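Here the structure is laid out as structure tokens; the discussion comes afterwards.
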Amino acid sequence: MTRFVKSPKEVASGLLLIVLAAFFAWQAMELPMGRAIRMGPGYFPMILAGLLAFLGLVVLLSGLTVPADPDDNGIRFRNWPWQALALVTLAVVIFGLGIRPLGLGPSMGLAVFISALASQRFHIVTGLISAAVMVAFSWAVFIKGLGLPLPMLGPWLGGY
Amino acid sequence: MEIFDNLALGFSVAVTFQNIFYCFIGVLLGTLIGVLPGLGPVPTIAMLLPITFGLPPVSALIMLSGIYYGAQYGGSTTAILINLPGESSSVVTAIDGYQMARRGRAGAALATAALGSFFAGSVATFLLAVFAPPLADLALKFGPPEYFALMVLGLVASVALASGSVIKALAMVVLGILLGLSGQDVYTGTPRFTFDMLELADGIEFVALAMGVFGIGEIVRNLEDEHTRTVMVQKVKGLLLSREDIKRITGPILRGTFLGSFLGILPGGGAILSSFAAYSIEKKISRHPEEFGKGAIEAVAAPESANNAGAQTSFIPMLTLGIPSNPVMALMIGALIIQGIVPGPNVVNEQPNLFWGIIASMWIGNLMLVVLNLPLIGMWVRLLTVPYHILFPLIVGFCCIGVYSVNNNAIDVFAMALFGVVGYVLVKLDCEPAPLLLGFIIGPMLEEYLRRAMLISRGDPLVFVTRPISATMLALAAIALIVVLLPSVRRKREEAFKE
């Protein structure tokens, strides 16, 4: 495979751009196009999707023909911090899921603690302290200070 | 002179207890995040956007601007003391600044950086006051075709001046525009790219995109390799400069200021490009180029002046044309919109309090920064000892509550999680996310002006080339694009960015 693919990064970027372009074009197809004088909602997105696909193609072709930069050491999927990526994303998603039913306190605590797990230097004590500090801080600043309409405890936990 | 009346008005706005307070909060936060590596002005301003809801527009903008230029000061501190640039615009400062510190001249380096920044900030603010109003008057004469051409030129210029592949940066702009078009179509109310979700009817939340890409994505990138930062908290002494030093830094500060002021106006320019350009110019014209890299004081003075000047003048296109030249300015526009102010040339004339108040506050802020950075340097150095693994979960927490409180809507939180992953993947594929953000902000305006222009011209696309101003701007955009794509220029450009 390496014989055809000169720069895996470029090829992957090109493919990604083309897929995104196709996705937007597919979505824009359902929209009325209109004509140049009175453009419909689909006109400009369609032009952009075409442009994006073209640029993606250029990137893809250059990845197949132009050798990669010597400094470029490829995508190296194995070295991606998969665990950190997953945990940080999970922390944010849990905050989003918890904010209504659980309230600000528990979801903030969970989000901070789960994202703390993403570090290799994670320690249970510091993780818990960070979560507690952040819960107290967000209560003081966002609920007391700024008066955001957020319950500390949500309906599932006996709040309102 | 009209300008003095205007400045007097500005100071009358800026020198109220409330605005001085917010200016102070802004520069304090700016210095703080500048010192802390891994937290830049973009996520910080994005986090604070929702908080500015409750403030009067002037105070909000004063605080947010303070964060941006304050970060330029703070970034240099860590660059000099521990060879770790807190901001990307201080990368160059680290080269010689750290060498000076190792030779025991940390105090001189810090003083040079602070004085250079202060001088540059004051001059650039003055330029902003002089040039912004006429530019806004000119822009008032623009019709839809001119605006469209101007935005195309702005986007192309930001791509041409950015580092990395031009084609990929262009693709990021286009992708950003497409994302920016999501939500209801202005003319017909047809929902676009909303996947039948009611929550997306207003489009993708800008704060979610900005915080996801620059906040969450950046955190994951920092977690790639967690190495211990060894902080040598030495006593910093010798803040006073010798006469010899002052002689050596005068020229570089002046050159850095003017170079930075000019580059800051250009889209995609701003602080980072200015500092790199100033360094290479000083190296070229210096009588002792061999000293560069080994602790030359000129190599601290010029880039520090340039990045601060660039940070200041990048407000010009934002305040006069409503066009952001970098992601921070895109957030400022977001802040204006939150406050119900339509960004564009009318801001100068219709909101003189806001416009001149911000400008006056920049002088006050720059003065505060000198005080904050020189005598209090020890405090900032101590902050560096906060390890990243303690810091980043707190940032995640702030991002979550920040993005949620914009609309009180959990969908924005999920969008931020998604864009965090997207941002990380893009960076891994060497696709710069900054052009994406610019495209996102400019996209809806671009479409609106395109549609209006075509309506006026009865569907004739030649309208863009028959009107002289728009034709000139489009020609400039085309030339810029062709030039950076020429193979010979491309190679030189890559070399320049590597240096």
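Values below: every heavy atom of this structure, side chains too, minus hydrogens, waters and symmetry copies. What you are looking at is a predicted structure, and each value in this text was computed from that prediction instead of being measured. Here is the naming used below: chain letters follow the sequence lines, and residue numbers restart at 1 for every chain.
Taking CD1 of I167(B) as the start and CG of L61(A) as the end, the distance is 11.0 Å to the nearest 0.5 Å. Taken from CG in D185(B) to OH in Y43(A), the straight-line distance is 14.5 Å, to the nearest 0.5 Å. Atom CZ of F44(A) is separated from atom CE of M454(B) by 11.0 Å, given to the nearest 0.5 angstrom. Rounding to the nearest 0.5 Å gives a distance of 8.0 Å between CD1 of I390(B) and CD1 of I129(A).
Between R451(B) and M39(A), the shortest heavy-atom contact is NH2-O, 3.1 Å. Considering every non-hydrogen atom in both P81(A) and L223(B), the closest pair reads CB-O, 4.4 Å. Taking both residues in full, the closest heavy atoms of A28(A) and F193(B) are given as N-CE2, 4.1 Å, listed atom of the first, atom of the second, then distance. Annotation for A417(B) and V92(A): closest pair CB-CG1, 3.8 Å, computed over non-hydrogen atoms. Heavy atoms only, all atoms of each residue included: L429(B) and A12(A) are closest at CD2-CB, 3.9 Å. Between H389(B) and S119(A) the shortest heavy-atom distance is CB-OG, 3.2 Å.
You'll find the side chain of L85(A) stays beyond 4.5 Å of the side chain of E224(B), heavy atoms only. Residues M134(A) and P393(B) are not in side-chain contact: their nearest non-hydrogen atoms beyond the backbone lie 4.5 Å or more apart. Taking the side chain as every heavy atom from C-beta outward, L16(A) and L426(B) approach each other to under 4.5 Å. Between N408(B) and R100(A) there is a side-chain heavy-atom pair separated by less than 4.5 Å. Counting heavy atoms from C-beta on, the side chains of L31(A) and T190(B) come closer than 4.5 Å.
For T126(A), the part sitting under 4.5 Å from any heavy atom of chain B is the side chain, from C-beta outward, and nothing else. Of the two parts of D460(B), neither the backbone nor the side chain holds a non-hydrogen atom closer than 4.5 Å to a non-hydrogen atom of chain A. In this structure, no portion of P461(B) lies under 4.5 Å from any heavy atom of chain A.
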